[in-house]
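Predicted, not measured: the structure shown is a model, and the values here were computed from it.
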Amino acid sequence: MGWKVLLPQELKQDGRLLLERQGHTLIDGRGFETDDVIADMQLHQPDAIIVRVTKMSRKVFEAAAPNLKVLVRHGAGFDAVDLKAADDFGVKCLYAPVANSTSVAETALLLMLYMSRNVSRLRAMLPVDYYAAKLKTPMTTLNGKTVGIIGCGNIGSRTAKRCLAMEMNVLCYDPYKPAKDFPDGVEVVRDLERIFTESDYVSLHAPDTSVTHNMINKEKLAMMKPGAFLINTARGGLVNEDDLVEACKNGIIAGAGLDVIAHEPMHPDNPLAALDNVLITPHVGGNTAEAAIRASYMAAMGVAEMYEGKAPTWPIPVIDYQIARTYADTKESHKIPAGMFDY
């Protein structure tokens with residue numbers, strides 16, 4: 001007979017076809033706000049839901065009980081899902097961890113390039129004084145610079161590889177990963193302070209956990225070079241935004257490229273938006289056409305596997321980062337002299 005599958009947001013065609021061919025009924029929801037989803041849960045009592053941006057609170061699971069069996073995140077992040085509540089109501093939670101990894105890694109590189117070329121100033125100056133924009137705008141290359149990557153999972157590893165291709169020196173910090181599992185060519189760093197003191201770009205690729213929340217604060221920003229940039233394509237909760245505003249305003253660091261902020265959607269009076277050395281994009285790192293197709297199919301695949309009684313390929317991991325195993329082993333990278341290939 002198939003299941004009823006609630007879709008608060010669009011599911012791409014390949015994913016829809018996979019589920020329809022298995023006999024499932026797809027319910028296009030009235031919206032993705034939490035209240036909309038609660039209303040649809042109460043009305044339709046679906047067996048499964050595929051969610052993108054909806055905050056899945058305990059109230060949602062209460063409204064969905066007792067019929068909801070499976071929740072699938074249409075993407076890699078799952079901090080908007082109350083996993084304890086899901087477990088209490090017997091809902092299996094899945095995700096699509098590699099669907100948008102390439103897209104987000106490209107976004108991190110985009111933000112580095114944008115900041116290195118001072119694009120905000122170029123755009124502001126161009127209609128005012130063409131030659132001042134062209135000849136008096138400070139710009140740098142990524143070649144020979146050092147990037148420090150915090151979190152070297154699917155996205156962090158892909159970012160590291162792309163930075164190596166740009167002939168950057170790559171430092172990677174991830175205490176939960178053995179050195180052998182880091183990409184070839186990077187230097188595995190176990191001392192987090194080195195990331196801040198040595199990097200020209202600090203790029204965040206960690207989840208927002210009890211360990212990492214607000215990890216980028218006044219103290220860490222003060223360790224960075226005055227010409228360094230902060231890049232965040234992970235979660236806004238990693239950064240203390242008040243401290244970041246002060247660091248960017250007062251020249252503690254050169255600026256920041258942010259695809260995520262603490263409160264989304266962005267408040268109109270967010271002081272970061274007023275700074276010309278900060279670029280904010282609306283959490284679009286994983287929103288390419290290709291990533292959306294992959295995420296839709298992987299999410300649909302998770303529902304299909306659960307319906308068939310199979311072990312799901314991508315269950316959301318439950319990790320207590322306070323007690324999770326950490327590693328101290330390292331490996332050396334091949335360092336590229338600054339400007340070696342700059343000709």
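Rounding to the nearest 0.5 Å places OG of Ser157 at 8.5 Å from CG of Asp181. Note that the CG atom of Leu171 and the CG atom of Asp191 stand 11.0 Å from one another [nearest 0.5 Å]. The CG atom of Asn217 sits 7.0 Å away from the CG atom of Leu221 when rounded to the nearest 0.5 Å. How far OG1 of Thr25 is from CE of Met1: 8.0 Å, rounded to the nearest 0.5 Å. Summarising the geometry, atom NZ belonging to Lys220 is positioned 12.0 Å from atom CG belonging to Leu238; distances are rounded to the nearest 0.5 Å. For the atom pair CD1 (Ile155) and CG (Leu204), the distance works out to 12.0 Å, reported to the nearest 0.5 Å.
Between Asp40 and Arg30, at least one side-chain nitrogen of the basic residue sits less than 4.0 Å from a carboxylate oxygen of the acidic one, meeting the salt-bridge criterion. Ion pairing between a basic and an acidic side chain is recognised when a charged N comes within 4.0 Å of a carboxylate O; Asp47 and Lys69 show such pairing. Residues Asp88 and Arg58 are paired through a salt bridge, judged by an N-O separation under 4.0 Å between the basic side chain and the carboxylate.
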- Task: Could you walk me through whether Thr313 and Glu305 pass side-chain hydrogen bond (donor to acceptor under 3.5 Å, both in side chains), step by step?
- Result: CA-CA 8 Å; Thr313 303; Glu305 288 174 334; 2.6 Å; yes
- Message: Between Leu68 and Phe89, is the side chain to side chain contact (heavy atoms under 4.5 Å, CB included) condition met? List the steps.
- Response: CA-CA 8 Å; Leu68 189 68; Phe89 285 95; over 6 Å; no
- Item | Full working for side chain to side chain contact (heavy atoms under 4.5 Å, CB included) between Glu219 and Asp243 | CA-CA 9 Å; Glu219 178 187 12; Asp243 291 349; over 6 Å; no
- Message: Could you go through Arg194 and Glu187, starting from their C-alpha distance and side-chain angles, then the distance that decides it, and tell me whether this counts as salt bridge (charged side-chain N to carboxylate O under 4.0 Å, His left out)?
- Response: CA-CA 11 Å; Arg194 281 192 59 200; Glu187 181 180 352; 3.0 Å; yes
- Task: With side chain to side chain contact (heavy atoms under 4.5 Å, CB included) as the test, would you mind laying out the steps for Val51 and Leu71 before giving the verdict?
- Result: CA-CA 7 Å; Val51 296; Leu71 176 149; 4.2 Å; yes
- Determine, step by step, whether Asp329 and Arg190 satisfy the salt bridge (charged side-chain N to carboxylate O under 4.0 Å, His left out) criterion, reporting the C-alpha distance in whole Å, the side-chain angles of both residues, the deciding distance to 0.1 Å, and the verdict. CA-CA 8 Å; Asp329 56 331; Arg190 297 306 187 187; 3.0 Å; yes
- Task: Applying side-chain hydrogen bond (donor to acceptor under 3.5 Å, both in side chains), run through Thr281 and Asp259 and close with a yes or a no.
- Result: CA-CA 5 Å; Thr281 52; Asp259 187 47; 2.6 Å; yes
- Where do Tyr95 and Trp314 land on the ring-ring contact (aromatic ring centres under 6.0 Å, His included) test, with the steps shown first? CA-CA 6 Å; Tyr95 70 146; Trp314 295 292; 8.3 Å; no
- Message: With side-chain hydrogen bond (donor to acceptor under 3.5 Å, both in side chains) as the criterion, how do Glu290 and Ser103 come out once you've worked through the C-alpha distance, each side chain's angles and the decisive distance to 0.1 Å?
- Response: CA-CA 8 Å; Glu290 296 84 355; Ser103 176; over 6 Å; no
- Task: Evaluate the side chain to side chain contact (heavy atoms under 4.5 Å, CB included) criterion for residues Val60 and Thr34: first the C-alpha distance (whole Å), next the side-chain angles of each, then the deciding distance (0.1 Å), finally the verdict.
- Result: CA-CA 7 Å; Val60 180; Thr34 299; 3.6 Å; yes
- Given side-chain hydrogen bond (donor to acceptor under 3.5 Å, both in side chains), test Ser120 with Tyr114 step by step and report yes or no. CA-CA 8 Å; Ser120 292; Tyr114 188 103; 3.2 Å; yes
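Remark: the backbone N or O of His44 is paired with a side-chain donor or acceptor of Lys4 at under 3.5 angstrom. A donor-acceptor contact shorter than 3.5 Å is absent between the side chain of Asn270 and the backbone of Met266. For His24 (side chain) and Gly2 (main-chain N/O), no donor-acceptor pair under 3.5 Å exists by modelled atom type. A donor-acceptor distance shorter than 3.5 angstrom exists from the side chain of Arg73 to the backbone of Gly77, with no hydrogens or angles considered. Using a distance-only test at 3.5 Å, with no hydrogens or angles considered, no donor-acceptor pair links the side chain of Lys249 to the main chain of Leu275. The backbone N or O of Ala291 sits less than 3.5 Å from a side-chain atom of Thr288, completing a donor-acceptor pair. Although no hydrogens or angles enter the test, the distance criterion places a donor-acceptor pair under 3.5 Å between the side chain of Arg117 and the main chain of Thr140. Looking at Thr54, its side chain does come within 3.5 Å of a backbone N or O of Phe32 through a donor-acceptor pair. Asp174 places a side-chain N or O within 3.5 Å of a backbone atom of Cys152 that can act as its donor or acceptor partner. Glu241 places a side-chain N or O within 3.5 Å of a backbone atom of Ala262 that can act as its donor or acceptor partner.
Between Glu264 and Pro282 the shortest side-chain heavy-atom distance does not fall below 4.5 Å. Counting only heavy atoms from C-beta outward, the side chains of Ile27 and Leu7 never approach each other to under 4.5 Å. In this structure, Lys92 and Met306 have side chains that are in contact, with non-hydrogen atoms separated by less than 4.5 Å. When side chains are defined from C-beta on, Leu142 does not count as touching Glu167, because their heavy atoms never get closer than 4.5 Å. By the 4.5 Å heavy-atom criterion applied to side chains, Arg123 and Val119 are counted as neighbours. His205 is listed as a side-chain neighbour of Ile149, based on a closest heavy-atom distance under 4.5 Å. Here the side chains of Asp14 and Ile293 are in contact, with some heavy-atom distance below 4.5 Å. Using a 4.5 Å cut-off on side-chain heavy atoms (C-beta onward), Thr233 and Leu111 make contact.
Annotation for Ala105 and Arg158: closest pair CB-CB, 3.7 Å, computed over non-hydrogen atoms. Nearest heavy-atom pair across Pro271 and Val245 is CG-CG2, 3.8 Å. The two residues Arg121 and Ala132 make their nearest non-hydrogen contact at NH1-O, 4.1 Å. The two residues Ala96 and Met298 make their nearest non-hydrogen contact at CB-CB, 3.8 Å. The minimum heavy-atom distance linking Phe61 with Ala85 is given by the pair CD1-CB, 3.9 Å. Heavy-atom minimum distance, Cys163 versus Val170: CB-CG2, 3.8 Å.
At most 12 non-hydrogen atoms from other residues, nucleotides or ligands lie less than 6.0 angstrom from NZ of Lys12. Enclosure of atom NZ in Lys225 by more than 12 non-hydrogen atoms of other residues, nucleotides or ligands within 6.0 angstrom is indicated. Other residues, nucleotides and ligands contribute over 12 non-hydrogen atoms within 6.0 Å of the CZ atom of Phe78. Summarising the local packing, CG of Asp184 is surrounded by 12 or fewer heavy atoms from other residues, nucleotides or ligands at distances under 6.0 Å.
Side-chain heavy atoms closer than 4.5 Å link hydrophobic residues (I, L, V, M, F, W, Y) into clusters, and following such links, even through other members, never connects Val260 to Leu230. A single hydrophobic cluster is not seen to contain both Leu258 and Val53; linkage of ILVMFWY side chains at heavy-atom distances under 4.5 Å, directly or through other members, places them apart.
Relative ring orientation between Tyr307 and Trp3 is described as perpendicular, the plane-to-plane angle rising above 60° on a 0-90° scale split at 30° and 60°.
Both cation-pi conditions hold for Lys177 and Phe182: the charged atom is under 6.0 angstrom from the six-membered ring centre and inside a 45 degree cone around its axis.
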